[in-house]
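We count ligands from 1, going down the list as the structure has it; atoms in each ligand are counted the same way. Hydrogens, waters and symmetry mates are skipped; everything else that's a heavy atom, side chains included, is used. Remember, it's a predicted structure, so these values are computed and weren't measured experimentally.
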Amino acid sequence: MNSADHTSPAWYLLDVNTASDRLHSPEQGLTSAEVESRQAEYGLNELVEKQRKSVWMMFLDQFKDFMILVLIAAAVVSGIIGEPADTIAITVIVLLNAILGFVQEYRAEKAMAALKKMAAPSANVLRGGKVTTLPVNQLVPGDRVMLEAGNIVPADMRLTEAVQLQIDEAALTGESLAVEKQTRQITEEELPLGDRKNLAFKGTLITKGHGQGIVTETGMRTQLGQIAALLQDQEQGRTPLQKRLATFGQKLAYAIFAICIIVFVAGLLRGEPPLLMLLTAISLAVAAIPEALPAVITISLALGARKLVKQQALIRKLPAVETLGSVSYICTDKTGTLTQNRMTVEQVYFDNQIRSTNELPETESGSTTSQSLADKPHAELLLSALSLCNDTRLDGDDEVVGDPTETALFELAREKGFLRDALESAFPRLAEIPFDAERKLMTTFHPWNEGKVVSITKGAAEEIVVRATHLHAKEGPTDIDQSQVMQHTEQIAGEGLRTLGFALRIWDAVPESLIPEEIEADLALVGLVGMLDPPRPEAAESVALCRTAGIHPVMITGDHPLTAAVIARRVGIIDEEETESVITGKELQPLTLEELEARVEKIRVYARVSPQQKLKIVQALQNRGHFVAMTGDGVNDAPALKRADIGVAMGITGTDVSKEAAHMILLDDNFSTIVKTVREGRRIFDNIRKFIKYTMTSNLGEIWTIFLAPLLGLPIPLLPIHILWINLVTDGVPGLALTAEPGEKNLMQRSPRHPQESIFAHGLGTHIIWVGLLMGAVSLFTQAWFIDRSQEHWQTMVFTVLCLSQMGHVLAIRSERESFFSQGPLSNKPLFGAVLLTFILQMGTIYIPILNEVFKTAPLTAAELAITLALSSIVFIAVEVEKTFKRKKNSL
Ligand code: ATP
């Protein structure tokens, strides 16, 4: 086997050729056979994760709950002294409960794992002469990988090309200043990692430039792998709601304990057997403490996240699903998010005139390289510049790969006969200063004539114009009237076109140091281009939807203010005559945070902003009490994405770094998807609230029934097994099915929920108390009414009324306001099925003889059953009446 030689880990001491020989890495990349054998030898390029909780541990964890243990112990004791059948029945129910809990947790875990897998990053690798995009875990030593600003380095590698390449290695070295990389051999031995400047390490962030490297180590052999044990994945933290409910749950548990003690003592005083009372009290505690709550929240969030993937949004941090519903500002990029990112050059400006692209000459492709750049007529020089100062490339199938702005330029040049490959070989790129969104410029160097070189700079039109000290003309430079050129720029931008400028400068040789401020100055303007990027067809509708939902959409773009304003108007972010709501990065720069806070709520469009300024905008909005979703795609967007309440990265055009920092990734880069996720977030939160409403009311109903009976002079209405049964059949499945409830009709017509708002707000707390009381009252009324019959009879009736009242309740609270009948029972099929199942099971406990023995129930007569069912529907009717009042009140 021709495998890589790993005897020397000090790759930085080797020159590029020796390193590539040692790694058996040919220039055109590894062959597939070679990759296969190396994968067999080195395994996948991944960090081995800490052992996940095994399935068994997950199951056993269900019994960790102290109350459950006490319950089992008490059941065993009572079995020894009294009836073993009771012990068995209780144990079976507890087991079933554990299985239910386990299944829920397992599903949540699976959903989370699937999401994590989808978020796995990819890398561009040269294999068999072709560049392909592969999941990072497929890399093997010897692979040649392209590196670009925004990538996370996918493996340890020896660099073979480094163009202004800077890497932030803080994750490994703690040094937050990015390291300038190089390819030269280093001779000094025993260097610390941070000084091994010709290496790149897995997990570090490329902040600038681009390059290439040969993989030296993968997976756990990388520097990151060696310290991976220290960095093991942090546990997914609890969501804000879970934290709040945990605190609340603790207080609730104390209250329930106190009640159980009272129930126990009251029972003893009435002369009930102590062991029975102990079991009753503990069963009540088990049933009433909403221990499933945190799990249900995780499940509904995880299932919600799974559903969101189908709507093209990948959730990276689960709490984001919960908080999406609180978003009050969506700050979005323009290009590609509100617009289609399908650009075409529409206008060109040179020789003091704006022209359509039809007016550009078409050239025989061969002739484009026969003259030096210096000798080309103006239009041809501009077309050559479009193609040369451009990073797009053709892939194996002749498809253009690259940024849409550059692709549009490339396409125009190609259409006019200026083929990139031919131009590149005639006028090769000698050096470059890569594009970055701060400067909004990029520069490349090519041969000019007579041994001279030319730097071609392209970028945001005004940035080019302010740096242009003269106009380029074949005969020699002429004076520039900057304000006149600016007017032309504004004319193009005013039509909603994206404007880019092209300029050049002649040099005797490529300068030693490529400092952007020095190189991109004193330029000769060659021309401007205007590109059309139409809005996405669905953008306007989504913006309008935001408005009705009380959410403010804001555009933050690197583009020209006029272009931005035209697009903002077309999609409805600003109105026709609004101009005050547009601000540029230059105007934003001098504002202090306080000054911005004073204005921030009026601004709708931020144009020509640099990514750093996004952070300031998020902070200002947050300080004004807003909950902000912010999109971003570049390296420098990461701080703003992290800071935002919902950081949204672009799935298609986004860099690894931005994805890593984000809470959510838009798989289709589409603004409308953000609005859909907000809607989904609101729905999920509503359903969690409904679940809480349901379980807490049910539990309270059970508590009132058991607690009040002795105080009213009645015997304890239910046996422990009844309480546990009700807990089993009502809590888990129907409650969970509530999370499948479709969204309320007014979901996007109400204002965002305030994130700090209590979960019990908007009448939830009152509902729980009054319906819980009603449920208890109906059960006790049933008991009092039929107390003269045999205990089996009245107890069966109370048992059934309490169980089925909860089913009536769950059906009634499916909607906050809409009636059950207008919703239709089948609009939530899982819930309908769960309620039906519970009903059938409950009937089983009444009419199946063996279950009569287990549950100490008696078959009811037809009349008794009819009364039981009628009493069970009281809660349902009462809640329907409550909703009618709510509807009336709102329609007034
Ligand atoms: P948005 O922020 O809405 O996505 P954007 O694409 O304009 O819009 P950036 O990518 O930050 O944002 O680009 C900022 C500006 O830099 C652009 O408006 C354009 O004028 C210029 N620009 C973009 N791409 C290039 C490029 N490849 N070369 C030179 N200049 C570019």
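For atom 14 (C) of ligand 1, the candidate residues are Gly558, Gly634, Gly402; the nearest heavy-atom contact is made by Gly558.
Polar contact with ligand 1: absent for Phe435 (N/O pair, distance under 3.5 Å). Ligand 1 has no nitrogen or oxygen under 3.5 angstrom from a nitrogen or oxygen of Asp633. Geometrically, ligand 1 and Thr405 share no nitrogen or oxygen pair separated by less than 3.5 Å. Backbone and side-chain nitrogen or oxygen atoms of Arg608 are examined, and one is located within less than 3.5 angstrom of a nitrogen or oxygen of ligand 1.
Checked by atom type, the side-chain pair Asp481/Ser483 shows a donor-acceptor distance below 3.5 Å. For the residue pair Ser658/Thr655, the side-chain donor-acceptor check at 3.5 Å is satisfied. Under the 3.5 Å distance criterion, with hydrogens and angles disregarded, no donor-acceptor pair is assigned to the side chains of Glu180 and Gln164. In this structure, a donor-acceptor pair under 3.5 Å is present between the side chains of Thr469 and Asp522.
A side-chain contact (heavy atoms from CB on, under 4.5 Å) with Thr499 is found for exactly one of Leu562, Ile492, Leu528, namely Ile492. Applying the side-chain contact (heavy atoms from CB on, under 4.5 Å) test between Gln212 and each of Val145, Leu159, Thr160, Val163 identifies Thr160 as the sole match.
Which parts of ligand 1 touch Ala460 is read off a 4.0 Å heavy-atom cut-off, strictly below it: atoms 20 (O), 21 (C). Near Asp559, with a cut-off below 4.0 Å to any heavy atom, the atoms of ligand 1 are 7 (O), 18 (O). Counting atoms of ligand 1 from 1 in the listed order, those under 4.0 Å from a heavy atom of Lys334 are 1 (P), 3 (O). Within the listing of ligand 1, atoms 26 (C), 27 (N), 28 (N), 29 (C) sit less than 4.0 angstrom from a heavy atom of Lys458.
Within a 4.0 Å radius of atom 4 (O) of ligand 1, the protein contributes one or more non-hydrogen atoms.
Figure legend: Arg355 and Phe350 shown as a cation-pi pair, the cationic atom lying under 6.0 angstrom from the six-membered ring centre and within 45 degrees of its axis.
When only non-hydrogen protein atoms are considered, atom 27 (N) of ligand 1 lies nearest to Glu406 OE2, 2.9 Å. Scanning the protein heavy atoms around atom 8 (O) of ligand 1, the nearest turns out to be Thr335 OG1, 2.9 Å. Scanning the protein for heavy atoms near atom 19 (C) of ligand 1, the closest one is Leu500 CD2, 3.5 Å. Atom 11 (O) of ligand 1 has as its closest protein heavy atom Ala437 CB, 3.5 Å.
For Pro477, the side-chain contact (heavy atoms from CB on, under 4.5 Å) partners are His470, not counting sequence neighbours.
In this pair, Tyr329 and His552 present their aromatic rings tilted. The plane angle is within the 30 to 60° band. Using the six-membered ring where Trp is involved, His472 and His378 have ring planes that are perpendicular, over 60° apart on the 30 and 60° scheme.
For Arg498, the heavy-atom gap to ligand 1 drops under 4.0 angstrom.
Within the 4.0 Å heavy-atom criterion, neither part of Thr337 lies near ligand 1.
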